[in-house]
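Accompanying notes for the structure given below.
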Amino acid sequence: FSFDSISIPSDNEPLDSESNNSIFETQSKLYESENISILIEIIKNKNNPQEKILKFKTLNTSNNKEVSHVTYFLKISKEDKLILSDFFYTETDTLSLNVSTNNSESIVIFGERKYDHNALLTNSESPVKLTGPLLEDNVTYDVNIELRTIYDTSNWVFVLDNFNAKIKS
């Protein structure tokens with residue numbers, strides 16, 4: 001299943017209930033003359049249910065193009081408790097985070113940092129891994145996203161805040 005050419009239901013239910021993947025979309029926000037929204041996909045590993053991939057893709061829905069060079073400020077809450085708050089940067093159009101779910105007290109992040117806001121860099125040579133109580137089965141998480149750069153690392157934006165979605169794996 002891919003993000004390409006999908007229609008998004010408005011009730012924030014996963015798009016692909018037939019497979020192991022779940023896709024959610026935030027609301028759309030206006031930036032200059034563009035409508036921007038974010039797709040969130042959870043990909044389950046059929047061989048190891050504790051291993052998942054959490055993907056974020058920013059879309060310009062005005063022209064159906066993907067947005068690259070995005071700095072995300074992600075805040076994820078579980079039962080009204082903030083469990084993750086950090087900056088992530090991707091040069092490509094997709095931010096991919098490897099998640100290993102376990103029963104520890106907090107989330108540990110493994111990855112390379114060296115960008116503005118001390119953001120974690122994500123690319124094929126430098127994957128980011130999160131371990132801890134994240135993406136547990138049948139648990140709802142509140143995701144709040146702020147975008148800090150889009151299209152170029154020097155294009156700082158401060159008006160693309162409060163993209164929200166409830167996700168469940």
Side-chain angles (χ1 to χ4, degrees), residues 1-28 36-59 61 66-68 70-113 115 117-147 162-169:
F1 195 87
S2 76
F3 287 125
D4 301 329
S5 304
I6 57 175
S7 62
I8 308 298
S10 61
D11 57 4
N12 214 22
E13 286 299 309
L15 294 175
D16 190 12
S17 58
E18 298 298 314
S19 77
N20 277 343
N21 301 350
S22 299
I23 299 176
F24 306 87
E25 184 178 37
T26 67
Q27 75 278 29
S28 183
I36 304 290
S37 68
I38 302 168
L39 291 179
I40 304 167
E41 181 178 21
I42 301 169
I43 302 169
K44 295 182 181 180
N45 181 333
K46 292 178 184 177
N47 299 321
N48 184 349
Q50 304 308 95
E51 301 291 325
K52 299 176 180 92
I53 298 173
L54 182 59
K55 288 187 174 186
F56 297 85
K57 183 174 283 207
T58 299
L59 299 174
T61 57
E66 294 143 2
V67 177
S68 60
V70 179
T71 302
Y72 296 87
F73 180 36
L74 297 180
K75 293 178 268 187
I76 300 177
S77 299
K78 174 182 155 187
E79 299 170 352
D80 293 326
K81 180 182 176 199
L82 186 64
I83 61 171
L84 176 70
S85 176
D86 217 327
F87 288 91
F88 298 85
Y89 171 77
T90 183
E91 187 174 292
T92 65
D93 58 18
T94 303
L95 169 66
S96 292
L97 305 173
N98 297 327
V99 177
S100 181
T101 304
N102 65 38
N103 294 329
S104 66
E105 292 293 314
S106 61
I107 294 174
V108 178
I109 303 171
F110 301 93
E112 178 185 358
R113 292 181 187 269
Y115 180 67
H117 289 305
N118 202 29
L120 287 138
L121 302 175
T122 61
N123 58 49
S124 58
E125 294 98 39
S126 178
V128 172
K129 183 171 184 178
L130 307 173
T131 63
L134 179 62
L135 300 184
E136 297 167 289
D137 289 336
N138 299 313
V139 174
T140 300
Y141 296 88
D142 292 307
V143 179
N144 179 278
I145 303 166
E146 299 174 11
L147 301 181
N162 294 314
F163 288 93
N164 297 296
K166 289 189 181 299
I167 64 171
K168 187 174 187 178
S169 102

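For reference, positions follow the sequence shown, starting with 1. Below, all heavy atoms of this structure are taken into account, side chains as well, without hydrogens, waters or symmetry copies.
- In this structure, the side chains of Val139 and Ser169 stay at 4.5 Å or more apart for every pair of heavy atoms.
- In this structure, CG in Leu54 is found 6.5 Å from CG in Leu134, a value given to the nearest 0.5 Å.
- For the atom pair CG (Leu97) and CD1 (Ile42), the distance works out to 11.5 Å, reported to the nearest 0.5 Å.
- For the pair Arg113 (side chain) and Asn118 (backbone), a donor-acceptor distance under 3.5 Å is present.
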Considering only distance and modelled atom types, tabulate donor-acceptor pairs under 3.5 Å from the side chains of residues 75-85, sequence neighbours left out.
| unit_1 | atom_1 | unit_2 | atom_2 | d |
| --- | --- | --- | --- | --- |
| Lys75 | NZ | Glu146 | OE2 | 2.9 |
| Lys78 | NZ | Glu136 | OE1 | 2.5 |

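- Side-chain N or O atoms of Ser106 include none that pairs as donor or acceptor with a backbone N or O of Gly132 at under 3.5 Å.
- Atom CZ of Phe56 is separated from atom CD1 of Ile38 by 8.5 Å, given to the nearest 0.5 angstrom.
- Checked by atom type, the side-chain pair Thr58/Tyr72 shows a donor-acceptor distance below 3.5 Å.
- Residues forming a salt bridge (Lys or Arg N to Asp or Glu O under 4.0 Å) with Glu91 (at least two apart in sequence, or on another chain): none.
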Side chain to side chain contact (heavy atoms under 4.5 Å, CB included) between Ile40 and Lys166, intermediate numbers included: CA-CA 10 Å; Ile40 304 167; Lys166 289 189 181 299; over 6 Å; no
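- When all heavy atoms are compared, the tightest approach of Ser28 to Ser37 is CA-CB, 4.1 Å.
- Interatomic distance, Leu95 CG to Leu74 CG, rounded to the nearest 0.5 Å: 6.5 Å.
- Side-chain N/O atoms of Thr92 and Thr90 include a donor and acceptor closer than 3.5 Å.
- Gln50 and Thr101 form no side-chain donor-acceptor contact under 3.5 Å, judged by distance and modelled atom types alone.
- Residue Lys168 holds its NZ atom at 4.5 Å from OG1 of Thr140, rounded to the nearest 0.5 Å.
- Counting heavy atoms from C-beta outward, Ile109 and Leu120 have side chains that approach closer than 4.5 Å.
- Of all the heavy atoms in Glu51 and Ser100, the pair that sits closest is OE2-OG, 3.0 Å.
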Stepwise side chain to side chain contact (heavy atoms under 4.5 Å, CB included) test for Thr131 and Ile107: CA-CA 5 Å; Thr131 63; Ile107 294 174; over 6 Å; no
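- Between Phe73 and Phe87, the gap from one ring centroid to the other is short of 6.0 Å.
- Ionic pairing of Asp93 and Lys55 is not present here: no N-O contact between side-chain nitrogen and carboxylate oxygen is shorter than 4.0 angstrom.
- Using modelled atom types and a 3.5 Å distance limit, the side chains of Asp142 and Asn164 yield no donor-acceptor pair.
- For CG of Asn48, the number of neighbouring non-hydrogen atoms (other residues, nucleotides, ligands) closer than 6.0 Å is greater than 12.
- For the side chain to side chain contact (heavy atoms under 4.5 Å, CB included) with Ile53, the qualifying choice from Leu135, Asn98, Val99, Asn21 is Asn98, the only one to do so.
- With contacts defined as side-chain heavy-atom distances shorter than 4.5 Å, the pair Phe163/Leu147 qualifies.
- To the nearest 0.5 angstrom, Lys52 atom NZ is 9.5 Å from Asn45 atom CG.
- In this structure, Glu105 contributes its side chain and Pro133 its backbone to no donor-acceptor pair below 3.5 Å.
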